[in-house]
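Bear in mind that the values here come from a model prediction, so they are computed numbers and not experimental data. Chain naming here is simple, since letters A, B, ... match the order of the sequence lines and numbering starts at 1 in each.
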Protein chains: 2
Amino acid sequence: MKVTIYDVAKEANVSIATVSKVINNNGRISEKTRRKVKEIMLELDYRPNMIASALMGKQTKTIGLLIPDFSNPFFSELAKSIEDRGHELDYNLVICNTDYDPEKESNYLSLLKQKQVDGFILASGFENLDEVEQQIVDDIPIVIVARDFPMFSVNAVALDDFMGGYLAAEYLIELGHENIGVVARDLYSNRERLRGFNYVLEEKGLKLNTNFQYIKEADHIKAGRKMMEIYSDSEHRPTAIFACNDLLAAGVIQYAKEIGLRVPEDLSIIGFDNTSIASIIEPGLTTIAQPIQGMGKEVMDLIISIIKGEREDKSRITMLPSLVKRNSTKKLMKEN
Amino acid sequence: MKVTIYDVAKEANVSIATVSKVINNNGRISEKTRRKVKEIMLELDYRPNMIASALMGKQTKTIGLLIPDFSNPFFSELAKSIEDRGHELDYNLVICNTDYDPEKESNYLSLLKQKQVDGFILASGFENLDEVEQQIVDDIPIVIVARDFPMFSVNAVALDDFMGGYLAAEYLIELGHENIGVVARDLYSNRERLRGFNYVLEEKGLKLNTNFQYIKEADHIKAGRKMMEIYSDSEHRPTAIFACNDLLAAGVIQYAKEIGLRVPEDLSIIGFDNTSIASIIEPGLTTIAQPIQGMGKEVMDLIISIIKGEREDKSRITMLPSLVKRNSTKKLMKEN
DNA sequence: TTGAAAGCGGTACCAC
DNA sequence: GTGGTACCGCTTTCAA
């Protein structure tokens with residue numbers, strides 16, 4: 001049978017109250033009994049049952065992480081960095097894959113609430129924030145990561161997506177491109193990137209390639225391919241593409257090569273995220289880097305400080321993207 | 001305040017015992033009271049506190065998953081498939097990234113035991129199985145996945161690694177290659193793959209390229225590059241490489257291209273796992289496919305049946321690999 | 001400084 | 001059928 005606080009108490013000739021105090025390091029205990037009890041705990045290899053203490057209102061040291069899609073390296077790398085920080089701080093993660101499905105999202109939310117997680121980190125879709133607001137009303141600590149919602153009062157660690165799009169456009173234009181296509185999903189973050197992108201274009205008196213449309217496909221590689229197909233079939237094929245994540249960019253590159261376009265000579269491509277695939281594919285992908293490590297750490301630190309009640313006010317931490325140049329982009333050669 | 005079983009009982013004018021029976025669908029209850037109670041539960045939006053019932057010995061419906069490295073697509077895809085099946089069966093996953101670190105492994109194991117997870121799925125290193133054996137003694141359900149330990153009596157869902165290596169060798173030899181290099185880590189699974197590989201070589205009277213050595217580097221891409229560097233610097237450069245996972249293969253391809261080798265014309269490469277990166281990189285990677293989806297489902301089903309006490313005996317489910325041909329391999333052109 | 005006892009929110013046995 | 005009640009293992013107040 002598992003050893004409980006009673007076993008320790010009996011063995012040490014003290015009450016369970018006393019044992020509890022030495023476990024939690026509080027209350028007045030003589031140095032002598034404290035040592036004695038500690039000794040017995042070691043001897044019996046006693047591990048407090050966290051379930052029992054959670055029932056008394058203590059924390060479960062467990063946080064729910066909702067992720068839309070594990071198989072996207074951006075999210076798995078983000079999850080890894082969050083988990084890393086959690087491990088340092090002694091928190092575990094219940095990870096849920098939501099497939100961008102609102103129903104799954106709210107199922108998980110209520111299920112994990114039943115399991116008394118200390119808080120939630122949402123990296124998920126949640127285009128509809130009603131559900132989230134409800135949770136906030138219920139006073140569960142929540143932090144949103146990698147997704148910004150300027151219109152809501154939620155704690156968040158987000159990327160400056162506008163700036164990301166801005167950087168991408170700026171660079172492509174600097175390279176001389178004027179006919180540029182975008183590949184994006186109809187998500188808030190992507191819309192922001194697009195907005196930043198268009199901002200620069202307008203500044204320069206340029207316009208987005210008219211074939212632009214939001215992709216629907218769930219499989220990003222395929223979606224990238226498909227969108228590139230649309231662009232390449234059009235009369236005025238873009239000389240450069242800005243893809244709103246690395247996976248989309250990979251799809252674009254694949255298709256471009258298949259139809260005989262050289263990257264970057266015939267087509268420059270810039271991605272977003274700077275996940276591991278950016279350096280795996282060929283040519284190396286120029287991309288807008290998200291500080292994934294940093295975001296993971298920040299979001300974990302933020303939620304824990306909220307759980308511990310260390311902050312009253314809501315915070316929004318905005319991280320800045322940066323341009324990582326590799327070989328998928330090149331100065332446009334004027335054909336004349 | 002959260003609504004408890006007492007609130008429901010009071011509101012429905014019954015005892016908590018009755019409510020409990022309704023919740024768990026057991027005991028004799030009149031249809032009338034059952035309906036009444038259910039109605040009240042809905043009305044009050046009552047959610048049983050799983051912590052409390054866990055304390056009474058019921059399951060937590062939570063399983064610990066130990067993974068060595070999230071950022072390896074094989075593991076993130078495996079985790080995803082396990083999570084998927086868990087979701088269907090109403091189990092959550094606490095996912096832990098162990099970085100192949102034995103200390104982290106045992107930390108997590110004991111921590112999650114304190115949290116009363118119903119069982120463990122280990123996809124982790126655990127070259128040293130002492131720890132695992134200890135847990136088995138403690139009677140915690142454990143299943144090992146993607147790692148076989150023929151010498152231990154543990155439940156497992158594993159791949160036939162020997163056969164994987166066998167298939168790889170067979171194919172390369174069929175293509176006419178005779179000087180073949182291997183890239184592998186010193187892990188049980190990799191050793192098995194190598195053994196299967198060598199088995200075929202010997203059959204054909206061939207021998208592994210003498211520059212073979214186990215890689216040490218944690219970063220698989222880099223490790224692949226480094227190993228390819230060793231092979232290419234040697235006098236008798238192999239005409240084909242068998243890399244024990246797709247990431248290693250990607251590294252090999254990168255380096256090969258950088259030094260001007262054409263893949264597959266000058267060098268054929270075959271990977272292992274058939275993760276998403278096999279179709280992302282260029283050329284598409286010929287690889288030995290692991291049935292990741294299937295393994296995820298099997299391992300989840302297996303652990304749950306153990307948890308439910310539906311099986312007495314230990315089982316070892318062996319899944320079979322298959323060869324997926326893409327463009328990184330080619331018939332050897334005899335130079336004469 | 002220590003310990004008795006009242007919970008926390010359920011489950012399950014046993015009377016009625 | 002239904003309800004009283006003793007737990008599960010721990011925390012916390014309060015008295016001694």
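- Using bins of under 30°, 30° to 60° and over 60° for the plane-to-plane angle, the ring pair B:F70/A:F70 lands in the tilted bin.
- If you take CD1 of B:I29 and C1' of D:dG3, they are 10 Å apart, rounded to a whole angstrom.
- Look at A:E83 and A:K80 and you find no salt bridge, because none of the NZ, NE, NH1 or NH2 atoms lies under 4.0 Å from a carboxylate O.
- The pair B:E39-B:K36 does not meet the salt-bridge criterion, since no charged nitrogen lies less than 4.0 angstrom from a carboxylate oxygen.
- Atom pair A:L55:CG and D:dC8:P shows a separation of 14 Å (rounding to whole Å applied).
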I would like to know whether B:D118 and B:T60 meet side-chain hydrogen bond (donor to acceptor under 3.5 Å, both in side chains); could you show each step before the answer? CA-CA 6 Å; B:D118 296 334; B:T60 54; 3.1 Å; yes

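- If you measure from atom NZ of A:K36 to atom C1' of C:dT1, you get 17 Å, rounded to the nearest angstrom.
- Distance NZ (B:K113) to C1' (D:dG9): 17 Å, rounded to an integer number of Å.
- OP1 or OP2 of D:dG1 has not a single side-chain nitrogen or oxygen of B:S30 nearer than 4.0 Å.
- Atom NZ in B:K115 sits about 20 Å away from atom C1' in D:dC8, given to the nearest Å.
- Within the 4.0 Å cut-off from OP1 or OP2 of D:dG4, not a single side-chain nitrogen or oxygen of B:S15 is found.
- The side-chain contact (heavy atoms from CB on, under 4.5 Å) test with A:F120 is passed by exactly one of A:I144, A:V143, A:I140: A:I140.
- If you measure from atom CD1 of A:I51 to atom P of C:dC8, you get 18 Å, rounded to the nearest angstrom.
- Whole-Å rounding puts the B:Q116 CD to D:dC8 C1' distance at 9 Å.
- The number of heavy-atom neighbours closer than 6.0 Å to NZ of A:K38, taken from other residues, nucleotides and ligands shown, is 12 or below.
- Spacing between atom NZ of B:K10 and atom C1' of C:dG9 amounts to 14 Å, rounded to whole angstrom units.
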If the sugar-phosphate is the primed atoms plus P, OP1 and OP2 and the base is the rest, what is the B/S/- string for nucleotides 10-16 of chain C, using protein heavy atoms under 4.0 Å? BBB----

